[in-house]
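In what follows, chains carry the letters A, B, and so on, assigned in the order in which the sequence lines appear, proteins first and then strands, with residues in each chain numbered from 1. Below, all heavy atoms of this structure are taken into account, side chains as well, without hydrogens, waters or symmetry copies.
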Amino acid sequence: MKNAEVAKVFQDIADLLELKGENPFKIRAYQRAVFSLEHLPQEVEELVGEGRLREVPGVGEAIAKKITELVTTGRLKYYEELKAEFPPGISALLEVPGIGPKTAMRLGKELDIKSLDELEAAIAEGKVASLPRLGEKTAENIRRHIQALRRKDRRIPIGEAMLAVDEIMAGLRGVPGLKNLTPAGSLRRFRETIGDIDLMGTADSAPGAIKAFVGLPQVREVLASGTTKASVVVAGGLQVDFRIMEHDSFGSLLQYFTGSKQHNINLRDRAHRMGLKLSEYGITDLKTGELEKFTTEAAFYRRQGLEFIPPEIREGQQEIARAEAGTVPELVELADIKGDLHVHTDWSDGRDSLEAMAQAAKARGYHYLGISDHSAGRGIAHGLDGERLRRQIQSIRELNQKIKDIHIFCGTEVDIRADGSLDMPEELLGELDFVIAAVHSGMNQSQARMTERIIKAMESPHVDILAHPTCRLLPAREPVAVDMEAVFRAAVGTGTALEINAMPSRLDLKDTHVYRARELGVRLIINTDAHSSGHLGFMRFGIGVARRGWCRAEDILNTVSRAELAAYFKH
DNA sequence: GCCGTTTTCGGCCCGACTGTTTTCAGTCG
């Protein structure tokens, strides 16, 4: 049973306990366990087998027993019995923003509502508005949220969110007295998808800044607007929360709204034991009641005896313990990257010429660039056969003579066929500086076949890099079925570098894979898969993924010098 | 239900906004 399936069951239990009006701390205990399961860098089945469940944070005696029962028998008696207590479908109501456990239970009990369709009908008949303590406005809000829920997925890829936030920030640039405008939340932590955008700032006059924000031309609907914060929906249905504070509290404000929720809970719990209370306003001494303010996050952490913790690893795992010990790793940065090794040109399906790509890479300060156009099997991408590839190699040699301060490596992105063989003859592969292998077809194979196929390709002496290992596309295509643990172990054996594909619609490997691969000693490389010179800028998304996987510069292959890279390709 | 620099029992993060109230419950992040 997969971690995600196990997590889903315990999330359901937490929801049902909430509907039941159980002790909120018990509910939180289940939610903590769900969070841990979702972020486990290993299969929960393995932990059960090794009897190591109790090492997982938030898993104690009772939950460990339930996980074991679920994983070994495929069922959980406690869960079945709990479900039987409620009308079916009622937990679906909790998905609607604005409906919490209390409201959901009342809708179920008093109006016999079991689905979103029934709820919509009840609103239309005026039944919801007539319930005590609800009313017209509440009913209308619920109706709107149901419609929004139907319209689109709740989360959007980080690439899109980044564009939207850039636009909004540009619109607020002229507001007088507004400073420190920064996106926080999951965007700042570089999660691969974003639910809503959190924007922070400080201002001489908070109400003035709020007024400017809700008046932006992008704003389609104002959900809430108070004296220090506002929530709006912009074009595309994306929700943006805006929070303003006085200048001298920016450190605590940014820290609080960057999250994650679990990181903040852990941090506040720890502070509480030190006799301190944390909030977006600063740190209050519980004895004296005195509030201390912080203009920077670093100072805010320092006051608690902690090293600065980069946003990307604030996920409630080991980061606070590491900050306490002063051993937070120095994470890889964009400036560490010396080149991009997965790049297409107009020789195959890219938009720009060889020289244009080389110039763009040089302008980014790269020391080297790897050209990797498709192999002939990618007919649709105008892949290169032997003759055209040899001509391209010649062109790259000539370009290297001409262009200064950057070196171009000749490579290819060769297809891995369904049987694991490569779509290019051995001797041709041998003429190249490096070889990237990738799956582009036959993606519905069984996990066993796909795993065997990929590992066979990695075992080829010519293959240096495995590109986008799971082939997923955000938000459309699910990853292929493949045993990643086996791929990681094979990669360590063959010395193949696994790609962190930085294209926002891929981000493949993803953060949790990167975390595990790094632990096992896999060599990783961040590439953009650029199909035009502008795409080279996707590198920052790949850096985000690598940082979320706790990677330092030395874990990433394309931070090394040109000479070291050439040596790596030869070995 | 979990967990330990106050603890094996008794705590468990903190504040803002809305709607329907008339002092607050519910929800959200």
Quiz item: Is the distance from OP1 or OP2 of B:dC17 to the nearest side-chain N or O of A:Ser231 less than 4.0 Å?
Solution: no
Exercise. Would you mind classifying the nucleic acid contact of A:Asn141 as base, sugar-phosphate or nothing, using non-hydrogen atoms under 4.0 angstrom?
Key: sugar-phosphate
Practice problem: Searching all strands shown, indicate the nucleotide that pairs with B:dT8 (Watson-Crick or G-U wobble; both distances under 3.5 Å). | Solution: none
Quiz item: Say you pick atom C1' in B:dT21 and the same atom in B:dG26; how far apart are they, in whole Å?
Solution: 13 Å
Quiz item: How long is the line joining CZ of A:Arg268 and P of B:dG15, in whole Å?
Solution: 7 Å
Quiz item: To the nearest Å, how far apart are A:Arg28 CZ and B:dC28 P?
Solution: 16 Å
Practice problem: Return the nearest nucleotide to the side chain of A:Lys102; candidates are B:dG26, B:dT20, B:dG29. | Solution: B:dG26
Self-check item: Along DNA chain B (nearest heavy atom to each residue), the more 5'-positioned of A:Asp269 and A:Tyr256
Solution: A:Asp269
Quiz item: Out of A:Thr295, A:Asn180, A:Thr202, which residue meets the side chain to side chain donor-acceptor pair (under 3.5 Å) rule with A:His247?
Solution: A:Thr202
Quiz item: Starting at CG of A:Leu223 and ending at C1' of B:dG29, how long is that distance when rounded to a whole Å?
Solution: 14 Å
Quiz item: Can A:Glu140 and A:Arg143 be counted as an ion pair, charged N to O under 4.0 angstrom?
Solution: yes
Quiz prompt | Closest contact, heavy atoms only, A:Met200 versus A:Ala184 | solution = CG-CB, 3.8 Å
Quiz item: Using a distance-only test with no angle check, is there a side-chain donor-acceptor pair under 3.5 angstrom linking A:Lys66 and A:Tyr30?
Solution: yes
Self-check item: Rounded interatomic separation in angstrom, taking NZ from A:Lys229 and C1' from B:dT18
Solution: 11 Å
Quiz item: What nucleic acid atoms does A:Thr228 come within less than 4.0 Å of, heavy atoms only: base, sugar-phosphate, or nothing?
Solution: sugar-phosphate
Practice problem: Record whether the side chain of A:Asp241 comes under 3.5 Å of the base of B:dG29 through a donor-acceptor pair of N or O atoms. | Solution: no
Quiz item: Of all the choices, B:dT18, B:dG1, B:dG26, which nucleotide is nearest to the side chain of A:Ala224 once you look at every atom?
Solution: B:dT18
Practice problem: Specify the separation, in whole Å, of atom CD of A:Gln255 and atom C1' of B:dG15. | Solution: 14 Å
Practice problem: Could you check which of B:dT27, B:dG19, B:dG15 has an atom nearest any side-chain atom of A:Thr103? | Solution: B:dT27
Quiz item: What one-letter contact string describes nucleotides 2-8 of chain B from 5' to 3', where B marks a base within less than 4.0 Å of any protein heavy atom, S marks contact via sugar-phosphate atoms alone, and - marks no contact?
Solution: SS--S--
Quiz prompt | Phosphate OP1/OP2 of B:dC28: any A:Lys261 side-chain N/O under 4.0 Å | solution = no
Quiz item: What nucleic acid atoms does A:Arg243 come within less than 4.0 Å of, heavy atoms only: base, sugar-phosphate, or nothing?
Solution: sugar-phosphate
Quiz item: Can A:Lys127 and A:Glu125 be counted as an ion pair, charged N to O under 4.0 angstrom?
Solution: yes
Quiz item: What's the CG-P distance between A:Leu267 and B:dG29, to the nearest Å?
Solution: 21 Å
Quiz item: For the residue pair A:Phe242 and A:Phe213, does the interplanar ring angle fall in the parallel (under 30°), tilted (30 to 60°) or perpendicular (over 60°) class?
Solution: parallel
Practice problem: Can you tell me, in whole Å, how much space there is between the P of B:dC17 and that of B:dT7? | Solution: 39 Å
Quiz item: For A:Leu134, which contact category applies under a 4.0 Å heavy-atom criterion: base, sugar-phosphate, or nothing?
Solution: sugar-phosphate
Quiz prompt | Distance, P atom - from B:dC28 to B:dT20, rounded to whole angstrom | solution = 16 Å
Quiz prompt | B:dG10 and B:dG15, which share atom name C1', separated by this distance in whole Å | solution = 25 Å
Quiz item: Hey, are A:Glu485 and A:Arg516 close enough for a salt bridge, meaning a charged N less than 4.0 Å from a carboxylate O?
Solution: yes
Self-check item: Between P of B:dT21 and CG of A:Leu131, the distance in whole Å
Solution: 12 Å
Exercise. For the pair A:Arg314 (side chain) and A:Arg189 (backbone), establish whether a donor and an acceptor sit closer than 3.5 Å, ignoring hydrogens and angles.
Key: no
Quiz item: What's the CZ-P distance between A:Phe25 and B:dC14, to the nearest Å?
Solution: 11 Å
Practice problem: Establish, from distance only, whether the side-chain atoms of A:Gln255 and A:Asn264 form a donor-acceptor pair under 3.5 Å. | Solution: yes
Quiz item: In terms of the angle between their ring planes, are A:Phe538 and A:Phe541 parallel, tilted or perpendicular, with boundaries placed at 30° and 60°?
Solution: tilted
Exercise. Quick one: label A:Ile99 by what it contacts on the DNA or RNA (base, sugar-phosphate, nothing), any heavy atom closer than 4.0 Å.
Key: sugar-phosphate
Quiz item: With distance as the sole criterion, do the side chain of A:Tyr281 and the base of B:dG15 form a donor-acceptor contact below 3.5 Å?
Solution: no
Quiz item: Under 4.0 angstrom, heavy atoms only, what part of the nucleic acid is A:Glu18 near: base, sugar-phosphate, or nothing?
Solution: nothing
Quiz item: How far, in whole Å, is B:dC13 from B:dG19 if one measures between their P atoms?
Solution: 29 Å
Practice problem: Identify, between A:Lys277 and A:Gly226, the residue whose nearest nucleotide on DNA chain B lies closer to the 5' end. | Solution: A:Lys277
Practice problem: Check every strand shown and say whether A:Lys65 touches a base, only sugar-phosphate, or nothing at a heavy-atom separation below 4.0 Å. | Solution: nothing
Exercise. Please work out if A:Pro132 contacts a base, only the sugar-phosphate, or nothing of the nucleic acid, heavy-atom cut-off 4.0 Å.
Key: nothing
Exercise. Between B:dT6 and B:dG1, how far apart are the P atoms? Round to whole Å, please.
Key: 27 Å
Quiz item: Taking OP1 and OP2 of B:dC17, is either one under 4.0 Å from a side-chain nitrogen or oxygen of A:Ser225?
Solution: no
